[in-house]
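Order of the sequence lines sets the chain letters (A, B, ...), proteins ahead of strands, with each chain counted from 1.
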Amino acid sequence: MDILAGLNPEQIEAVTLPHRSALILAGAGSGKTRVLTSRIAHLIQKQGVSPHEILAVTFTNKAAREMTARISAMLPINIRGMWIGTFHGLCNRMLRAHHREAGLPETFQIMDSADQLAMVKRVIRSLNLDDEKYPPKQLQHFINGSKEEGLRPHDVSVYDTFTRTQQEIFSAYEAQCNREGVVDFAELLLRSFELLKRNEILREHYQTRFRHLLIDEFQDTNRLQYQWLKLLAGKDSAIFAVGDDDQSIYAFRGADTGNMRELERDFHIRDIIKLEQNYRSHGNILDAANALIRHNASRLGKNLWTSDARGEKLRFYQAPTDLQEAEYIVEEIQSLHSGGVPLNDIALLYRSNAQSRVLEHALFNASLSYRVYGGLRFFERQEIKHALAYLRLVHNPDDDGALLRVINFPARGIGAKTIESLQATAGGGSLWAAARGKGRKIDDFIRLIEAMQRECHGAALAETVETVIEMSGLKSHYLHEKDGEDRLENLDELVNAAALFESEGDPLVEFLSHAALEAGERQSGEGSDAVQLMTVHSAKGLEFHAVFVSGLEEGLFPHSNSRNEAGGIEEERRLMYVALTRARRRLYLSCAQSRMLHGQTNYNIPSRFLKEIPEELIQPIGIAEFGDAPASFSGKASPWRIGANVFHPKFGEGVVLACEGAEQVQVNFRRAGMKWLALEYANLIAI
DNA sequence: TTTCGGCGACTTTTT
DNA sequence: GTCGCCGAAA
């Protein structure tokens with residue numbers, strides 16, 4: 001098989017680059033994944049590189065799986081020696097192999113964000129601090145943020161009593177993690193980084209081994225991830241980084257596009273290859289996306305083009321209300337569908353999850369099947385978390401988080417008081433160690449866990465899981481609970497997953513890590529033909545025949561919270577860019593003049609992003625007519641209706657919020673904010 | 001100890 | 001509008 005067949009000249013250049021570090025700026029739909037996988041195949045097949053020398057890192061498990069699958073399809077060889085995975089997955093692998101050098105117990109476990117939050121809460125309480133003043137969420141953010149900067153508690157700069165306390169919480173949190181033998185997500189990275197940094201022998205081992213480091217979605221790396229990569233790269237290693245600064249939409253969680261410039265400098269990069277030919281969308285869609293993104297000042301600069309036809313114009317619909325917007329979308333979906341477009345090739349995108357409700361409702365009324373992405377994932381469900389907690393206890397009874405989760409679930413009459421006294425006596429040790437002889441109920445619990453340990457000793461993984469679900473009483477609890485059937489099914493599914501799970505070491509340890517690192521599918525029903533509903537964030541990397549971008553209103557998209565953040569609007573614009581470039585053939589943009597949000601009606605003006613798309617690319621559809629009733633409170637009709645878009649010579653654009661007879665209107669201006677205007681003097685023009 | 005009701009929050013998300 | 005958490009009552 002010819003790896004280079006069907007690639008364009010720039011792609012070929014990237015795939016066949018000589019052995020030195022390079023940065024590939026790959027625009028939306030430019031064949032990024034293909035270049036990455038072809039590069040690996042090329043290295044192995046044409047350059048005689050051993051899979052052993054290759055490390056490829058991605059952000060999501062899905063991307064890692066896809067990469068593995070594509071490479072296996074291209075090459076007839078065993079690629080097991082290759083390290084392909086997420087940053088966290090690879091760090092986990094490294095720490096398991098060198099747990100002693102990293103100062104971790106052999107069977108350390110991984111906490112997900114929810115476990116971490118619970119632990120932070122516990123620590124704050126154990127320090128007798130007020131969690132009103134020190135909100136656990138905020139502390140969690142502080143801890144993760146610090147770790148992502150590579151900082152341990154003693155590295156954190158303290159300039160007042162508040163940060164001093166934060167530091168103390170951080171410190172106590174670390175001590176607690178060490179006591180229990182658990183690590184959080186950021187810890188995986190930081191530990192692995194510190195291990196490489198301190199241990200010269202290991203560092204040199206990996207630096208000599210991995211001569212080829214390939215990174216997907218490089219624009220999404222944070223400081224620590226980049227530092228980790230830098231440590232891993234030896235004198236003889238080449239970094240092949242693929243990314244798109246225009247699609248960087250995760251700055252809010254620490255992603256730093258500055259890493260692209262640093263990479264250029266640190267690795268003396270001569271080759272920056274731009275992949276600008278787009279194989280996805282029609283011309284008008286790309287022109288719109290290009291025009292939009294040009295409004296961003298901080299860019300490396302790229303312009304997508306296509307040899308495809310211009311295609312249709314973008315369709316824009318402004319609805320009077322969010323309900324009517326949803327109805328319009330449903331009608332269009334129906335006509336697309338009857339025209340032969342499969343439902344699952346139609347996506348409905350929105351900025352925030354709260355917006356999906358109206359859309360779901362309209363789809364439901366029209367009996368169109370749909371699938372909403374987002375929400376609880378398999379390993380995050382409470383029944384699964386409970387079962388996993390029992391498994392964790394069987395494996396390591398000192399895991400306080402797991403113990404607290406299930407010591408009274410199903411209910412055993414061990415309440416807050418009992419647990420409090422237990423925590424008081426535990427001191428520096430684990431709750432488990434302090435539990436013996438603390439009353440009959442607790443002794444029963446201890447005996448239960450010990451019985452499980454005996455029962456599971458030497459058993460196969462699936463058997464262990466089944467035993468634990470049975471003996472813990474979870475099964476009978478959900479059996480007796482109304483609406484417990486789904487939960488029972490999920491528990492069965494967990495046994496299934498355990499039966500299918502393949503491991504190389506201790507199956508239980510690996511299964512528990514797997515559960516934390518890979519939270520599982522968001523929802524079942526993958527194959528069915530259904531309209532796809534999701535946030536723009538989760539649409540990244542996907543493409544559809546037709547895309548609806550809804551709720552294009554100031555305050556929603558761009559979101560009002562982004563206004564005050566540095567670079568906030570630019571990130572929102574990149575998000576919009578991602579939304580536009582998801583469409584292959586047809587793109588709908590829509591907004592509503594009034595919208596129910598958080599239980600009250602809001603009036604917004606259309607998003608600024610709509611203005612940033614050249615008018616000639618947009619075909620307006622049935623510009624909304626306003627409601628029938630004049631917006632008047634005093635009986636005298638106002639010439640303006642609530643929700644009308646107006647222009648004022650001094651204040652600019654705005655939207656009418658309220659009217660006072662024929663004399664006064666209240667307008668929310670895009671720039672000037674809220675104003676009451678006397679119509680006699682204010683020169684309002686309809687727009 | 002459990003259960004129920006009220007009150008507040010509420011952008012985006014992967015590991 | 002709805003979820004989740006916390007505090008008060010059964």
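At a threshold of 4.0 angstrom between heavy atoms, the contacts of A:Thr58 with the nucleic acid are absent. Counting any heavy atom pair closer than 4.0 Å across all strands shown, A:Asp184 reaches no nucleic acid atom. Contacts of A:Leu189 with the nucleic acid, taken as non-hydrogen atoms under 4.0 Å apart, are absent. At the heavy-atom level, A:Phe59 lies under 4.0 Å from the strands shown only through sugar-phosphate atoms. A:Phe87 comes within contact range of no nucleotide atom at all, as no heavy-atom separation falls under 4.0 Å.
In this structure, a donor-acceptor pair under 3.5 Å is present between the side chains of A:Gln219 and A:Glu217.
Computed from coordinates, the A:Lys147 NZ to B:dT14 C1' distance equals 17 Å when rounded to whole Å. Taking atom CG of residue A:Asn144 and atom P of nucleotide B:dT13, one finds them 17 Å apart after rounding to whole Å.
If you look at A:Tyr250 and A:His537, their ring centroids are closer than 6.0 Å.
In this model, no side-chain donor or acceptor of A:Ser562 finds a partner on the base of B:dT12 within 3.5 Å.
Set against B:dT13, C:dC6, B:dT11, the side chain of A:Arg125 has C:dC6 as its closest nucleotide. The side chain of A:Ser352 lies closest to B:dT11, out of B:dT15, B:dT13, B:dT11. Comparing B:dT15, B:dT13, B:dT2 by their nearest atom to the side chain of A:Ala411 picks out B:dT2. Checked against B:dT12, C:dG1, B:dT15, the side chain of A:Arg377 finds its nearest nucleotide in B:dT15. Of the listed nucleotides (B:dT15, B:dT13, B:dT11), B:dT15 has the atom at the smallest distance from the side chain of A:Asn61. Closest approach to the A:Arg351 side chain among B:dT12, C:dG1, B:dT15 is made by B:dT12 (side chain taken as heavy atoms from C-beta onward).
Separating the NZ atom in A:Lys32 from the CD atom in A:Gln247 is a distance of 7.5 Å, to the nearest 0.5 Å.
The aromatic ring of A:His559 sits over the base of B:dT11, with ring centres less than 5.5 Å apart and planes tilted by under 30°.
The side chain of A:Asn408 contributes an N or O atom lying less than 4.0 Å from OP1 or OP2 of B:dT2.
At least one donor-acceptor pair under 3.5 Å links the side chain of A:Asn296 to the backbone N or O of A:Glu570.
By the 6.0 Å and 45° rule, A:Arg405 does not stack over the aromatic ring of A:Tyr390.
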